[in-house]
Amino acid sequence: MATTSGTTHPTGPTGEADDPPKPRMTRRQRARLSRGIQYAVLVIVVAVIAFRADWGNLQQAFFNTEVIGRMFPRVLIVALVNTLLYTALAFVFGLLLGIVIALMRLSSVGPYRWLASAYVELFRGLPALLVLFFVAYGIPNAFPGFTLPFLVMVTVGLGLTAAAYMSETIRAGIQAVPRGQVEAARTLGMSPARTMVTIVLPQAFRIVIPPLTNEIILLTKDSSLVYVLGVTAGQVELTKFSRDMLNTTVNSTPLLIGGLLYLCITLPLSQLVRRLEIRHAKAR
Amino acid sequence: MTGTDTRSAAPAISIRGLHKSFGPVEVLKGIDLDVPGEVVCVIGPSGSGKSTLLRCVNLLETPTSGKVFVGRDEMTDPDCDLDRVRRRIGMVFQSFNLFAHLNVLRNLTIAQIKVLRRSRTEAEAIARRTLDRVGLAGRETAFPAQLSGGQQQRVAIARSLAMSPELMLFDEPTSALDPELVGEVLAVMRGLAAEGMTMMVVTHEMAFARDVADRVVFMDGGVVVEQGPPEQVIGDPQQERTRAFLSRVLNPTAVDPAEEVSATPAGAQIGSLHVEPGAVPGH
Ligand SMILES: Nc1ncnc2c1ncn2[C@@H]1O[C@H](COP(=O)(O)OP(=O)(O)OP(=O)(O)O)[C@@H](O)[C@H]1O
Ligand SMILES: [Mg+2]
C-alpha cells in the first residue's frame, strides 16, 4: 500500500527500499487532480451552453405548456396504449413463431432445418420497414380482394422480423440446457416431445428471459414503423401521434413528450434485464 | 440373493453380440452378457466401454449391431416402444442430472404423473415414502443446487425408485462425490441390493463390488475379459489383464490375491478400498 509519508530519501531503481521510485505526486494526489480537471471541463461546457442558449426560446420550442395541454390525454389513452398493444401483439406472435423455428432448426428432419435457416437469414437480412410494406401492400397485390385486418397486419408485419431474432435466442437457450437433463428425462420414459415441453423449454426460457426482454425493447421502438400501414386517428402510436402534433402545432414539444414516454417503457425494461442477468449469474 | 432364482425364465437383461462404434472407433467389440435377477458390478479401466455398455442397455446409445433384451422385450427391435420399456429401467448417472428447475418433490413426481399417469396425490405419497427410504425426508422443497452431491445422488436414486422399476442401472454413481459423501450413497445402494433389486452397477468401488455383487464383470478394450463371483474375479482373477488392473486400482498397497475375500465383514468398509490386514505391499 503506497503511503503519503513524507520520506524524501532518493531511491534509484535499485534502491533497497521496498517503495518504487517516488513520483512527484502520490497516486492519490494524481487521481484527485485528474478528477478535478474532468469536473472543471464539464462545468465549463455546461456553463457555455447555458449562457449561449436562448432559454425562453427553448422552453417555447420544447416545453410549451399550451401544446402539452393539447396532447393530453390522447397521447396516453390512444398513442401510448397503441404502442404497448402493437409491441405486445408482435412479441407474442414473434415468440410463438420463434419457438417453432427454433425447434425446426434443431429438428432431425433436414428440410425443416434448411427452411428454418433460410427464414432466419432472410428476415434478419431485411429491414423491418420493408417487411411491413410487404405485408401491407405485397399481400393484397398478390391476392386481390384479400385484405388483412389492421391488427393482423401489425402483428405479422412486426412479428415476422422479431421471430427471426427470437428463434436464434431460443435455439441458443435450448442448446444451453445440459444434455444430461434430456437423458434423465428419456430414461424415465418421457417421449422426446414431453421432454422438450416439461424439461428442456422451461430451463431454456430461464436462460433466454434477459435477451428476450431486450427484444421487447427493440420491438417497442420498431412499433413506430406501423405508420406505413396508414393509420386512422384511433390507431396512431406514439411516434405518429407526436409527429402529427409537431406538424399541427409547429412546435417540438410533442417530440419531447413522445420520447419521454418511450423511455418510460424501455428504461424499466432494461433495468429488469440487468437485474435478471445479475440473478442469473448468481444462480450459476 | 442367489444367482439362479425362480422368478422368471427370461433374465432381467440379456445382451447378445453387442457392437458399438463411434465413427471409426469401435468401443464395444462383441459383448455377450446375462444379468439374471441379481447385482452385477462392471469394473474395468477408463475408456474400456463400461458406460457405453450400460447406456446400450436402455438404448441411450444405439448399438451398431447385436441385440439387447430387457425381460422379454427386445430393445434393439426397431418396433420396440422404448419409452414403455424405459419406465421399468431406473438409471442413475455419475453427474446426478436432477431437473435443475424443479424442487426435490417435483423431481420425484413429474415422471410419475406425466409418464405413469399417477394422480398427483398418489405420486406425492410415493415420492415422500421414497425420499424417506433414501434418508431425505423433509427436503421436499429444496432445489437440487441447494443440496450436497451425496444428497443429490440420493434424490436421483429416489427419482428412479419412485417409478417402481424392475431393475436399476448405475453409472459410477459415486465418482463425482467428495470422499466423505460416498458412504451415504453406497449405503442406499446396499439397502436396495439387500431388498433384492436387480442392479447393474458400473463402479470403481472395489469394496462395494466385493461385498454387494453377486457377479463381477471385468471389461477391457471393449470386451468382457472375465466374469464370475467377486471372490473369484476380484479375489483370485484368472486373467492377466484383470490382475494388472486390480493391482493398479488397489495400489499402492496391493491385495494378496490368494487371500480369502469373503471373510470380510459385510458393510465394514463402506466407501473405501478395503485393504486386507495381512496384505503385502509391493506384491
Ligand atoms: N458419444 C461418444 N462419441 C465418441 N466417442 C465416445 C462417445 N462416448 C464414448 N466414447 C468413447 O468410447 C470409449 C469408451 O467410453 P466409455 O465412456 O464407455 O468408457 P468407460 O469405461 O465408461 O470409462 P470411464 O471409466 O472413464 O467412465 C472412450 O474412448 C470414449 O472416448
Ligand atoms: Mg464411464
Side-chain angles (χ1 to χ4, degrees), chain A residues 95-96 98-99 102-103 106-110 113 166 169-213 272-273 275-284, chain B residues 51 54-55 57-62 70 81-102 106-118 123 143-146 152-153 155-171 176:
Chain A
L95 181 65
L96 295 178
I99 293 173
L103 293 177
L106 296 170
S107 161
S108 56
V109 182
R113 288 198 304 273
M166 285 199 262
T169 305
I170 294 165
R171 181 177 64 102
I174 290 174
Q175 286 177 324
V177 176
R179 173 107 201 102
Q181 298 284 309
V182 175
E183 292 187 346
R186 298 304 310 279
T187 300
L188 291 165
M190 292 190 198
S191 66
R194 164 62 65 203
T195 302
M196 184 54 76
V197 171
T198 46
I199 304 301
V200 178
L201 283 182
Q203 296 190 54
F205 267 104
R206 253 153 240 232
I207 300 170
V208 300
I209 281 175
L212 283 188
T213 313
L272 179 71
V273 172
R275 219 163 319 139
L276 287 170
E277 273 170 350
I278 290 170
R279 212 180 64 181
H280 189 237
K282 269 191 206 148
R284 285 263 122 167
Chain B
S51 299
L54 204 66
R55 293 160 59 84
V57 171
N58 62 2
L59 248 70
L60 275 185
E61 301 287 359
T62 311
V70 171
D81 183 352
L82 286 182
D83 295 338
R84 254 199 123 65
V85 186
R86 280 182 181 146
R87 295 173 198 176
R88 310 187 339 234
I89 313 172
M91 185 164 196
V92 175
F93 302 86
Q94 187 175 342
S95 49
F96 327 136
N97 296 348
L98 291 179
F99 301 134
H101 62 306
L102 302 176
R106 291 283 289 151
N107 261 281
L108 265 66
T109 54
I110 190 148
Q112 293 188 67
I113 294 169
K114 305 283 185 194
V115 176
L116 299 182
R117 306 260 158 230
R118 287 177 183 158
F143 279 84
Q146 300 167 324
Q152 288 191 52
Q153 193 59 296
V155 172
I157 295 174
R159 177 175 66 180
S160 287
L161 289 178
M163 300 292 284
S164 326
E166 287 166 18
L167 65 134
M168 296 272 291
L169 309 174
F170 293 85
D171 189 2

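Below, each value reflects all heavy atoms present in this structure, side chains not excepted, and no hydrogens, waters or symmetry copies. So that the names make sense, note that chain A is the first sequence line, chain B the second, and so on, each numbered from 1. Note that this is a predicted model, so its numbers are computed, not measured.
- The backbone N or O of A:Thr198 lies less than 3.5 Å from a partner atom in the side chain of B:His101, making a donor-acceptor pair.
- Remark: A:Met190 CE to B:Asp83 CG distance equals 10.5 Å, nearest 0.5 Å.
- With a 4.5 Å cut-off on non-hydrogen atoms, A:Arg186 touches chain B through its backbone and its side chain both.
- The contact between B:Met163 and chain A is made entirely by side chain atoms (from C-beta outward), counting heavy-atom distances below 4.5 Å.
- Within a 6.0 Å radius of CZ in B:Arg84, no more than 12 heavy atoms belonging to other residues, nucleotides or ligands are found.
- Across A:Ala184 and B:Asn97, no two heavy atoms sit closer than the pair CB-O, 3.5 Å.
- Interatomic distance, CZ of B:Arg86 versus CG of A:Leu188, reported as 10.5 Å (0.5 Å rounding).
- B:Asn58 CG to A:Glu183 CD: the interatomic distance, rounded to the nearest 0.5 Å, is 9.0 Å.
- Looking at B:Phe99, the atoms closer than 4.5 Å to chain A (heavy atoms on both sides) sit in the backbone and in the side chain alike.
- Between chain A and the residues B:Ser95, B:Gly90, B:Ala100, the most heavy-atom pairs under 4.5 angstrom are made by B:Ala100.
- For a residue to count as touching a neighbouring chain, one of its non-hydrogen atoms must lie under 4.5 Å from one of that chain's; by this rule B:Ile89 touches chain A with the backbone only.
- Not counting sequence neighbours, B:Arg117 has no partner by the salt bridge (charged side-chain N to carboxylate O under 4.0 Å, His left out) test.
- For B:Leu98, the part lying near chain A is the backbone, with the side chain staying farther off; criterion is any non-hydrogen pair under 4.5 Å.
- Contact of B:Arg55 with chain A is made through the side chain alone, with heavy-atom distances under 4.5 Å.
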